[in-house]
2 protein chains.
Amino acid sequence: MARKTGSKSEITGPRIREAALSLFAQQGYAAVSMRQIARAVGVQAGALYLYTSDKQSLLFDLMRDHMDGLLAASAAEPKAATPLDRLQQFTRFHILYHLERPDAVFVSYMELRNLNPENFAAIEGLRRQYEQTLEAILKDGLAEGVFRLPDTKLATLALIAMLTGVNTWYRQGGRLGPDKIASIYWDMVRKAVAA
Amino acid sequence: MARKTGSKSEITGPRIREAALSLFAQQGYAAVSMRQIARAVGVQAGALYLYTSDKQSLLFDLMRDHMDGLLAASAAEPKAATPLDRLQQFTRFHILYHLERPDAVFVSYMELRNLNPENFAAIEGLRRQYEQTLEAILKDGLAEGVFRLPDTKLATLALIAMLTGVNTWYRQGGRLGPDKIASIYWDMVRKAVAA
DNA sequence: GTCTATATGCTGATAGAC
DNA sequence: GTCTATCAGCATATAGAC
C-alpha cells in the first residue's frame with residue numbers, strides 16, 4: 001500500500017471527534033478533560049492539538065456537524081404532496097434520525113451554554129433553520145384548511161419538543177422499536193393539529 | 001431582638017443554595033467552582049462546608065427540593081371531577097409551575113448525569129412519581145372512553161416533554177404570557193388525546 | 001505525527017486561628 | 001461562624017526532542 005510509515009493522521013482526527021462526542025455525552029463538556037479524550041483515542045494529550053485548536057472548537061465542530069447533517073438529511077427527503085403527508089414524513093424522519101445518533105443529539109441540546117457567544121449564535125441559526133422546515137408545513141396546512149392551530153410558532157416548538165423527547169427515554173431492545181414509536185407519535189401529532 | 005451577635009447562619013444556608021442554583025443553571029454543575037459560589041454569597045470557600053458536606057450534596061439537595069416541591073404542589077391542586085378537566089388542570093399547573101422556577105427546572109433536567117448513582121435513583125423515583133399523576137389521568141379517561149390513545153405510557157412522556165419544552169424558549173416580556181401559553185398548549189393537548 | 005516535559009493556574013476539601 | 005493558609009492533584013495549552 002502507498003500509506004506512509006507511521007502516518008495515522010487520516011484516522012486520528014475522526015477518532016478524536018468520536019471519542020469526544022461519546023465522553024461529552026456521558027459526562028458533560030466541562031467534566032471531560034483533554035487527557036481523557038487523548039486516553040480514549042490512545043495518544044498523548046499534546047497530540048490532540050494537531051487536530052483541534054482548542055477544546056471549545058472541538059465542541060463547536062461536533063455540534064455544527066450534527067446540525068449540518070440534520071439539515072442535509074432533512075432536505076434530501078422526498079417531497080410529499082400534501083401538508084398532511086409532509087407532516088407525517090417530518091415526524092417519522094425526526095424521530096428516526098434523532099434515535100440513530102443519541103450522543104450528538106444529547107450534546108447539541110445540553111452543551112449550548114458551553115459555547116462562546118459567537119459559536120452559540122451559529123448553532124442557534126442552524127436550529128432555527130430546521131424549525132422553519134416544520135413551521136412551513138404547518139403554515140401550508142393551515143392555509144389549506146386541513147390543520148387548525150391556535151399558534152403556528154408555538155405548535156412548531158411544541159411538536160419538536162415532543163418528538164425530540166423520545167431520545168430521553170428510548171433504550172435499544174425496549175418494548176417498542178423506532179418504527180412503532182414513530183407510528184404512535186404520528187397518531188398524536190396528527191390529531192393535535194387536526195382541523 | 002434576640003439574635004446573637006455575628007450569627008448569620010439563619011440566612012447563609014439559603015443564600016448558598018440560591019447562588020448555587022443560579023450558577024449551576026447558567027454554567028453547569030461541573031463548570032462552577034465552590035469558590036465561585038462562595039464569592040456570590042460573600043463568604044470564603046471554607047465557610048460553605050458548614051452548610052453542605054460536599055459539592056455533590058449541594059446539587060442533590062437542590063434537585064430533591066425541586067421535585068419535592070413539585071409533587072407537593074401537584075398534590076395540593078383541587079381535584080377536578082372528569083378526566084378531561086383533570087387533564088386541563090394538569091396542563092395548566094405544569095406549565096405555570098415550571099415557568100415560575102426556570103433555574104430549578106433546568107438544573108433538574110440537565111444535571112442528572114452529575115448525580116452519583118444513589119442520588120440519581122432517588123431523583124428518578126420522584127420524577128416517575130410525578131409522571132404517574134399524568135398517566136393516571138390518561139388511563140381513567142381511556143377507561144371512560146373520553147380519550148383515545150395508542151399507548152398510555154408514551155402519551156405521558158410525549159405530553160410532559162411537550163409541556164416542559166415551554167421552558168426552553170419562554171422569555172419574560174415576550175409575545176405571550178404564561179396564561180395564554182397554557183391555553184394554547186391545552187388546545188393541542190386536548191386534541192392529541194381526543195377520542 | 002507523536003512524544004515528554006513543563007508553565008501557569010485552578011480544583012475540592014481540610015486544619016486551625018480568631 | 002468565618003477566616004486564612006494549605007494540601008495534593010488536575011486543568012489547558014505549548015515547546016521542543018525524535
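In this text the structure is predicted, and so the values were computed from the model without any measurement. Each chain gets a letter, A, B and so on, in the order its sequence line appears, and its residues count up from 1. Reckoned from all heavy atoms, side chains included, excluding hydrogens, waters and symmetry mates.
The phosphate of dG1(C) (OP1 or OP2) has no side-chain N or O of T12(A) nearer than 4.0 angstrom. A close approach under 4.0 Å does occur between a side-chain nitrogen or oxygen of Q44(A) and OP1 or OP2 of dT4(C).
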Pull out every protein N or O sitting under 3.5 Å from an N or O of nucleotides 9-15 of chain C, one pair per line with the distance.
{"from": "dT11(C)", "atom 1": "OP1", "to": "S33(B)", "atom 2": "OG", "distance (Å)": "3.1"}
{"from": "dG12(C)", "atom 1": "OP1", "to": "K55(B)", "atom 2": "NZ", "distance (Å)": "3.2"}
{"from": "dG12(C)", "atom 1": "OP2", "to": "M34(B)", "atom 2": "N", "distance (Å)": "2.8"}
{"from": "dG12(C)", "atom 1": "N7", "to": "R35(B)", "atom 2": "NH1", "distance (Å)": "3.0"}
{"from": "dG12(C)", "atom 1": "O6", "to": "R35(B)", "atom 2": "NH2", "distance (Å)": "3.2"}
{"from": "dA13(C)", "atom 1": "OP2", "to": "Y49(B)", "atom 2": "OH", "distance (Å)": "2.9"}
{"from": "dA13(C)", "atom 1": "OP2", "to": "K55(B)", "atom 2": "N", "distance (Å)": "3.2"}
{"from": "dA13(C)", "atom 1": "N6", "to": "R35(B)", "atom 2": "NH2", "distance (Å)": "3.4"}

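Sequence neighbours left out, not one pair with a member in residues 174-195 of chain B passes ring-ring contact (aromatic ring centres under 6.0 Å, His included). Annotation: salt bridge (Lys or Arg N to Asp or Glu O under 4.0 Å) contacts involving residues 106-115 of chain B, sequence neighbours excluded, comprise E111(A)-R113(B), R113(A)-E111(B). Sorted by first and then second residue, the pairs that involve residues 79-101 of chain A and meet ring-ring contact (aromatic ring centres under 6.0 Å, His included), not counting sequence neighbours, are F90(A)-H94(A), F90(A)-Y130(A), F93(A)-Y97(A), H94(A)-H98(A), H94(A)-Y130(A). The salt bridge (Lys or Arg N to Asp or Glu O under 4.0 Å) pairs that include a residue from residues 52-62 of chain B are D61(B)-R64(B), where partners are two or more places apart or lie in different chains.
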Would you give me the side-chain donor-acceptor pairs under 3.5 Å for residues 13-27 of chain B, sequence neighbours excluded?
{"from": "R15(B)", "atom 1": "NH1", "to": "V41(B)", "atom 2": "O", "distance (Å)": "3.4"}
{"from": "R15(B)", "atom 1": "NH2", "to": "V41(B)", "atom 2": "O", "distance (Å)": "2.9"}
{"from": "S22(B)", "atom 1": "OG", "to": "Q26(B)", "atom 2": "NE2", "distance (Å)": "2.9"}
{"from": "Q26(B)", "atom 1": "NE2", "to": "S22(B)", "atom 2": "O", "distance (Å)": "3.4"}
{"from": "Q27(B)", "atom 1": "OE1", "to": "Q36(B)", "atom 2": "NE2", "distance (Å)": "3.3"}

With a cut-off of 3.5 Å and sequence neighbours excluded, list every side-chain donor-acceptor pair involving residues 137-163 of chain A.
{"from": "D140(A)", "atom 1": "OD2", "to": "R86(A)", "atom 2": "NH1", "distance (Å)": "3.0"}
{"from": "D140(A)", "atom 1": "OD2", "to": "R86(A)", "atom 2": "NH2", "distance (Å)": "3.3"}
{"from": "R148(A)", "atom 1": "NH2", "to": "D187(B)", "atom 2": "OD1", "distance (Å)": "3.1"}
{"from": "D151(A)", "atom 1": "OD1", "to": "K153(A)", "atom 2": "N", "distance (Å)": "3.1"}
{"from": "D151(A)", "atom 1": "OD1", "to": "L154(A)", "atom 2": "N", "distance (Å)": "2.9"}
{"from": "D151(A)", "atom 1": "OD1", "to": "R175(B)", "atom 2": "NH2", "distance (Å)": "3.2"}
{"from": "D151(A)", "atom 1": "OD2", "to": "R175(B)", "atom 2": "NH1", "distance (Å)": "2.8"}
{"from": "D151(A)", "atom 1": "OD2", "to": "R175(B)", "atom 2": "NH2", "distance (Å)": "3.1"}
{"from": "T156(A)", "atom 1": "OG1", "to": "T152(A)", "atom 2": "O", "distance (Å)": "2.9"}

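Residues L176(A) and L96(A) are members of separate hydrophobic clusters, defined by side-chain heavy-atom contacts under 4.5 angstrom among Ile, Leu, Val, Met, Phe, Trp and Tyr.
When rounded to the nearest whole Å, the span between OH of Y51(A) and P of dA13(D) equals 18 Å. Between the CG atom of L50(A) and the P atom of dG16(D) there is a distance of 16 Å, rounded to whole Å.
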Reading DNA chain D 5' to 3', what string of ( ), [ ], | and . shows its pairs, if Watson-Crick and G-U wobble pairs count only when both distances fall under 3.5 Å?
-> ||||||||||||||||||

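Every residue was checked against the ring pair (Phe, Tyr, Trp, His ring centres under 6.0 Å) condition with F106(B), not counting sequence neighbours, and none meets it.
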